[in-house]
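Inspection log for the structure reproduced underneath, given as structure tokens.
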Protein chains: 2
Amino acid sequence: MTSVESGDEPPWNPYRKACPTRQLLDRIGDRWTVLVVGALADGPRRYTELARRIEGVSQKMLTQTLRALERDGLVVRTVHPVIPPRVEYELSDLGRSLLAPLGALERWAIDNIADVLAAREDYDHG
Amino acid sequence: MTSVESGDEPPWNPYRKACPTRQLLDRIGDRWTVLVVGALADGPRRYTELARRIEGVSQKMLTQTLRALERDGLVVRTVHPVIPPRVEYELSDLGRSLLAPLGALERWAIDNIADVLAAREDYDHG
DNA sequence: CCGCATCCAATCCGATACTG
DNA sequence: CAGTATCGGATTGGATGCGG
């Protein structure tokens, strides 16, 4: 239990649990968050639309992910009081501002996936 | 740069399991990968040095994360045959190229964490 | 149409003990 | 110093059924 943590470390130190980067990573780290944000990039979508568009997501995880995004102010949920219910989700300004860094990551993935797969092949066989 | 397509869908569709973005997210999605990469940003580090620097990581997870990064060609592991053993880890060129998009994400986190926390507060109390 | 509740299997991960 | 091996609690997440 030797605490290396000196009580006055800067809050952005990524090794502290309360740091922004850590919190963001905890949010986008899960399997679905980034996919949902991406699916909302083009504009508002209905619940069923998202479920159909994001291959493999279960109702449970889609709902859970949308709630978490809504809670963090990244997604706005609008309920239209009609029958049958119509619920639309769209990115907030904050949510849209996340698209740029996410896009950079996607760009990296596309540009470098071949190298990564090749390295994996080498590692497993060599 | 060869594509990894299988079937008729485009390889960059993030909803396909084999897509680069999905694979990258699976890699950086876990709790420790990004922290380890960050801890190696300044140069080579020894195993124990990393363990000490990354607060809260267990031996098991540190080793596991380093192996995964090595397998993907993002980290280079060098064993110096001396007693006691000396093992150094450092980012490869590929690994270093990941620092930019990761940095963009970190900047977003720092710039927007306050808004996220405020939204959370609203959601929980309102 | 939207989404919550429950069950349950799979996985993750920290703790602990041991090794060259 | 730099790991490996194993156990068990905690978490994740899919499947299913129900409710507004």
Side-chain angles (χ1 to χ4, degrees), chain A residues 1-5 14-17 22-23 25-37 39-40 44-71 75-90 123, chain B residues 14-17 22-23 25-37 39-40 43-72 75-90 123-124:
Chain A
M1 293 317 180
T2 316
S3 178
V4 185
E5 183 177 357
Y15 312 118
R16 297 196 65 249
K17 296 172 180 47
R22 171 72 72 96
Q23 294 199 31
L25 288 171
D26 284 348
R27 165 66 57 248
I28 74 164
D30 74 87
R31 188 170 182 68
W32 301 112
T33 293
V34 172
L35 296 179
V36 170
V37 171
L40 291 171
R45 301 274 176 193
R46 298 181 62 174
Y47 180 87
T48 310
E49 228 176 329
L50 290 171
R52 195 171 47 245
R53 197 166 167 193
I54 304 173
E55 182 184 333
V57 72
S58 63
Q59 276 193 344
K60 176 183 174 178
M61 291 317 297
L62 180 54
T63 299
Q64 193 176 108
T65 303
L66 287 168
R67 287 293 170 279
L69 288 170
E70 187 192 2
R71 186 169 105 99
V75 159
V76 177
R77 178 173 180 265
T78 307
V79 180
H80 299 89
V82 297
I83 295 176
R86 177 185 183 88
V87 181
E88 288 199 320
Y89 295 90
E90 65 179 320
Y123 187 94
Chain B
Y15 313 117
R16 295 195 64 252
K17 293 167 185 50
R22 172 71 74 95
Q23 294 198 32
L25 288 172
D26 283 349
R27 164 67 56 247
I28 73 165
D30 73 87
R31 188 169 183 70
W32 300 113
T33 293
V34 172
L35 295 179
V36 170
V37 170
L40 291 172
R45 301 276 176 192
R46 299 179 62 172
Y47 180 87
T48 309
E49 225 175 330
L50 290 172
R52 195 173 46 246
R53 199 168 166 191
I54 303 174
E55 182 183 334
V57 72
S58 63
Q59 276 192 344
K60 177 183 175 178
M61 291 317 296
L62 180 55
T63 299
Q64 189 173 308
T65 303
L66 286 167
R67 288 291 172 280
L69 287 170
E70 188 193 0
R71 186 168 105 99
D72 285 356
V75 159
V76 177
R77 178 174 179 265
T78 308
V79 181
H80 299 89
V82 297
I83 296 177
R86 178 184 182 87
V87 180
E88 288 198 320
Y89 295 89
E90 65 179 320
Y123 188 94
D124 292 344

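We name chains A, B, ... by the order of the sequence lines, and we start the count at 1 in each one. Predicted model, so just to flag it, every value in this text is computed and none were measured.
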Test: side chain to side chain donor-acceptor pair (under 3.5 Å). Region: residues 60-72 of chain B. Which pairs qualify, not counting sequence neighbours?
A:Arg120-B:Asp72, A:Asp124-B:Arg71, B:Arg27-B:Asp72, B:Tyr47-B:Thr63, B:Arg67-B:Tyr89

Minimum heavy-atom separation for A:Leu69 to A:Thr33, with atom names?
CD2-CG2, 3.8 Å

Give the rounded distance in Å between these two atoms: CZ of B:Arg86 and P of D:dG3.
13 Å

For the pair made of CZ in A:Arg27 and P in D:dT12, what is the distance, rounded to whole Å?
11 Å

Rounding to an integer number of Å, can you tell me how far B:Ile83 CD1 sits from D:dG3 C1'?
15 Å

Looking only at side-chain atoms of A:Arg77, point me to the closest of C:dG3, D:dG3, D:dC1.
C:dG3

B:Arg46 side chain near D:dA2 phosphate (N/O to OP1/OP2, under 4.0 Å)
yes

Just the rounded figure in Å: distance from C1' of D:dG3 to CD of B:Glu70.
13 Å

For B:Leu62 and D:dC1, give me the distance from atom CG to atom C1', rounded to whole Å.
13 Å

Sugar-phosphate or base contact per nucleotide [nucleotides 14-20 of chain D; S, B, -; heavy atom under 4.0 Å]:
BB-B--B

Protein-nucleotide distance (A:Asp26, atom CG; D:dT11, atom C1'), rounded to Å
13 Å

Locate the shortest heavy-atom distance separating B:Glu88 from B:Pro44; write the atom from each residue and the value.
OE1-CB, 4.3 Å

Between C:dG3 (P) and A:His80 (NE2): distance, integer Å
13 Å

How long is the line joining CD of B:Glu49 and P of D:dG3, in whole Å?
13 Å

Using the salt bridge (Lys or Arg N to Asp or Glu O under 4.0 Å) criterion, which residues pair with B:Arg46? Sequence neighbours excluded.
none

Do B:Arg45 and B:Arg53 come within less than 4.5 Å of each other through their side chains, counting heavy atoms only?
yes

Hey, are the side chains of B:Val36 and B:Val57 touching, using non-hydrogen atoms and a 4.5 Å cut-off?
no

Below 4.0 angstrom from OP1 or OP2 of C:dC4, is there any side-chain N or O of A:Tyr47?
no

Between B:Asp30 and A:Glu88, whichever has its closest DNA chain C nucleotide further toward 5' is A:Glu88

Any A:Val75 side-chain heavy atom under 4.5 Å of A:Val37 side chain
no

Would you say C:dG3 has OP1 or OP2 under 4.0 Å from some side-chain N or O of A:Tyr89?
yes

Between D:dG3, C:dG3, C:dC1, spot the one nearest the side chain of A:Val87, thanks.
C:dG3

